[in-house]
There are 2 protein chains.
Amino acid sequence: MTSTRAGGGGRREQTRQKLFVAAQQLIAEQGFSATSVDEIAERAGVAKGTVYYNFKNKNELFEELLRHGVGLLNASLREAGAGREGAPIDQLDAMIRAGLAFIEQYRAFARLLLSELWRTNRAWQSTLTLLREEAVSVVRGALDDAVAAGELREDLDTGLVAAAVFGMVLVVAVDWLTFQPERSLDDVHAVLSTMVRGRLAAE
Amino acid sequence: MTSTRAGGGGRREQTRQKLFVAAQQLIAEQGFSATSVDEIAERAGVAKGTVYYNFKNKNELFEELLRHGVGLLNASLREAGAGREGAPIDQLDAMIRAGLAFIEQYRAFARLLLSELWRTNRAWQSTLTLLREEAVSVVRGALDDAVAAGELREDLDTGLVAAAVFGMVLVVAVDWLTFQPERSLDDVHAVLSTMVRGRLAAE
DNA sequence: TCTTTTAGACTGACCAGTCAGTACAAAAAG
DNA sequence: CTTTTTGTACTGACTGGTCAGTCTAAAAGA
């Protein structure tokens with residue numbers, strides 16, 4: 001049993017969170033293979049045995065970390081798109097902003113995602129592909145709405161554009177935080193917003 | 001001496017090429033740390049010692065591989081931008097196409113670049129940052145030309161846009177080749193072209 | 001009491017890098 | 001022409017070290 005089970009409480013759950021945070025940072029810096037379990041345990045301030053008490057093995061820890069992070073990302077995107085007041089294209093815009101904000105908050109996770117997402121032949125590849133599909137489909141939903149509302153061209157390949165937007169936001173945000181961290185979110189958002197609203201808009 | 005030394009000949013040079021190809025594939029699939037020197041040697045059809053005869057160590061092999069690949073990419077971009085006949089914006093368009101074509105040809109290298117480019121704390125990080133700067137500045141040159149010619153808005157932050165375009169092309173291309181390889185280059189190029197030409201254009 | 005965590009010793013697999021030696025071609029010597 | 005030397009390229013067994021995962025006995029929560 002997961003004991004008391006409060007919202008974020010539970011002794012075990014706290015330990016798992018500490019391990020997630022530590023693993024996230026280290027793997028973002030060094031990569032999965034270059035990060036040892038001993039390091040993760042040490043940074044989390046926990047004994048090595050605890051890692052194996054809470055997770056089956058190193059791979060499992062990483063996969064759960066991925067699921068957890070992408071879950072947060074998707075929730076954030078959905079919430080941004082849920083605001084029914086604006087025009088569909090504004091919802092897309094809100095999603096882009098939400099994506100940037102998420103990455104700003106969880107930079108380590110974003111970097112790690114960027115590094116691992118397009119890799120082949122790894123144990124967690126299928127998990128990751130699935131999670132990507134989910135996130136892209138959220139964006140695609142917003143695009144489809146915009147097309148239906150006549151705000152975007154009818155001949156738009158929303159699948160491809162959604163993938164493009166998803167990737168673009170991810171890579172631009174990480175690039176921003178890595179090489180030009182002094183810039184503001186608004187700055188970056190403005191550029192992406194401009195690009196997306198550009199010729200995609202119905203004339 | 002490097003023996004006979006023909007244009008692309010030379011026994012040693014051939015061996016190095018074989019090692020580059022093997023390392024590229026394996027590292028794209030598994031990542032740098034997860035790829036052993038034994039594996040690289042085996043796939044190249046060469047003894048392990050040969051790797052160390054030709055390169056100081058594993059890191060050095062990887063760094064030279066990166067320099068080599070980014071060199072090819074930059075040459076390709078410059079060539080695409082050099083066509084003086086079209087309008088500046090068309091040169092940018094040509095660069096995007098060249099980028100896509102390059103990635104289509106050297107998918108493994110592109111994947112590897114995508115995985116390693118935004119990683120921190122690695123030995124080759126400075127090399128990679130430098131190479132990125134170079135590639136981005138080529139794109140930026142085209143953007144600056146377009147602004148000077150009045151084809152793009154004057155208030156455009158060409159540095160940020162160049163980084164965005166570079167990252168976008170890289171990520172979209174890899175995404176395309178990984179998840180929708182049946183699509184044509186033209187298809188993908190059309191979407192990116194539309195986005196770049198969109199609102200960035202002077203009204 | 002039952003669960004969770006600790007501290008860390010240990011094992012077996014794997015791996016980066018080394019090194020003594022082989023293969024071979026071209027030059028020098030006889 | 002034949003033999004010897006020299007330099008280059010390559011080989012693969014070996015070494016020292018690292019790391020994932022196991023295990024245990026005991027402490028700390030709840």
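Residue numbers begin at 1 in each chain, while the letters A, B, ... track the order of the sequences.
One atom, CG of A:D38, and another, P of C:dT6, lie 14 Å apart when rounded to the nearest Å. A:F55 places its CZ atom 14 Å from the C1' atom of C:dT4, with the value rounded to the nearest Å. Protein atom CD of B:E13 is 15 Å distant from nucleotide atom C1' of D:dT8, rounded to whole Å. Note: CG (A:L19) to C1' (C:dT4) measures 13 Å, nearest angstrom. Spacing between atom CD of A:E39 and atom P of D:dC19 amounts to 7 Å, rounded to whole angstrom units. Spacing between atom CG of A:L61 and atom C1' of D:dG21 amounts to 14 Å, rounded to whole angstrom units. Rounded to a whole Å, the OH atom of A:Y52 is 19 Å from the P atom of C:dT4. Remark: P of D:dC19 and NZ of A:K58 are 9 Å apart, rounded to the nearest angstrom.
Comparing atom distances between the B:A47 side chain and each of D:dG12, D:dG21, C:dT18 picks out D:dG12 as nearest. Looking at the side chain of A:R11, the nearest of the listed nucleotides D:dG29, D:dG21, C:dC15 is D:dG29.
Contact annotation: A:T50 side-chain N/O to C:dT6 OP1/OP2 distance is under 4.0 Å. The phosphate of D:dA9 (OP1 or OP2) has a side-chain N or O of B:R12 nearer than 4.0 angstrom. Within the 4.0 Å cut-off from OP1 or OP2 of D:dC10, at least one side-chain nitrogen or oxygen of B:N54 is found. Remark: B:Y53 is in phosphate contact with D:dA9, judged by side-chain N or O atoms under 4.0 Å from OP1 or OP2. Taking only side-chain nitrogens and oxygens, A:T15 comes nearer than 4.0 Å to OP1 or OP2 of C:dT5.
Between B:D145 and B:R140 there is no salt bridge, since none of the side-chain N atoms of the basic residue sits less than 4.0 Å from a carboxylate O of the acidic one. For the pair A:E39 and A:R43, the salt-bridge criterion is not met [side-chain N within less than 4.0 Å of a carboxylate O]. Salt-bridge formation is detected for the pair A:E64/A:R16: a Lys NZ or Arg NE/NH1/NH2 atom is positioned less than 4.0 Å from an Asp or Glu carboxylate oxygen.
Contacts of A:T35 with the nucleic acid, taken as non-hydrogen atoms under 4.0 Å apart, involve only primed sugar atoms and P, OP1 or OP2. Backbone-only engagement by B:V46 is indicated by non-hydrogen atom pairs under 4.0 Å involving sugar-phosphate atoms exclusively.
No side-chain donor-acceptor contact under 3.5 Å links B:R119 to the backbone of B:E116.
Judged by distance alone with a 3.5 Å cut-off, a donor-acceptor contact links the side chain of A:K48 to the base of D:dG21.
Judged by closest nucleotide on DNA chain D, A:V37 is the one of A:V37 and A:G49 placed further toward the 5' end.
Aromatic ring centres of B:F20 and B:F109: separated by at least 6.0 Å.
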